[in-house]
Amino acid sequence: TGRFPLVLSAAHFHHGVRGRDANEDAAFCAALCARLKIPCVVGLGAIPNVGGKYNNVEARFRRYEFLEEAARDFNANYLATAHNADDQAE
């Protein structure tokens with residue numbers, strides 16, 4: 001704890017559409033946070049396909065809904081997000 005104390009928490013949203021890769025991502029996040037002693041919550045949301053196509057708008061809505069709920073549960077003052085190289089629209 002320094003001059004500006006920081007309490008870090010983590011939240012990971014599993015969209016339910018990438019199968020085993022997404023399961024591994026969620027497990028990695030949970031394990032890393034456990035090893036670093038960072039509280040972590042993993043949310044799962046089945047994003048509906050529209051005409052056989054992944055619904056990006058619905059995914060974004062559900063992801064941010066989950067992240068806002070996690071921030072409230074953690075009593076967080078700030079929320080930072082991170083994305084992979086293929087998802088820079090936000």
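From a predicted model like this one, the values you see are computed outputs, not experimental measurements.
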If you round to the nearest 0.5 Å, how far is CZ of Arg60 from NE2 of His15?
9.0 Å

Identify the two heavy atoms, one from His12 and one from Cys29, that lie closest to each other, and give their separation to 0.1 Å.
ND1-SG, 3.5 Å

Does Leu79 share a hydrophobic cluster with Phe13, counting links as ILVMFWY side-chain heavy atoms below 4.5 Å and allowing steps through other members?
yes

Are Phe74 and Tyr64 grouped together when hydrophobic residues (ILVMFWY) are joined by side-chain heavy atoms under 4.5 angstrom apart?
yes

Side chain to side chain contact (heavy atoms under 4.5 Å, CB included) involving Ala10 - partner list, sequence neighbours excluded:
Cys33, Ile38, Cys40

Return the set of residues passing side chain to side chain contact (heavy atoms under 4.5 Å, CB included) with Phe28 (not counting sequence neighbours), or none when no residue passes.
Leu32

Between Thr81 and Leu67, does the side-chain contact (heavy atoms from CB on, under 4.5 Å) criterion hold? Intermediate values first, please.
CA-CA 9 Å; Thr81 62; Leu67 292 173; 4.0 Å; yes

Among pairs that include at least one residue of residues 24-35, which meet side-chain hydrogen bond (donor to acceptor under 3.5 Å, both in side chains), considering only residues two or more places apart or in two chains?
Arg18-Asp25

Run through Val42, Val41, Leu44 and flag the one making a side-chain contact (heavy atoms from CB on, under 4.5 Å) with Phe66.
Val41

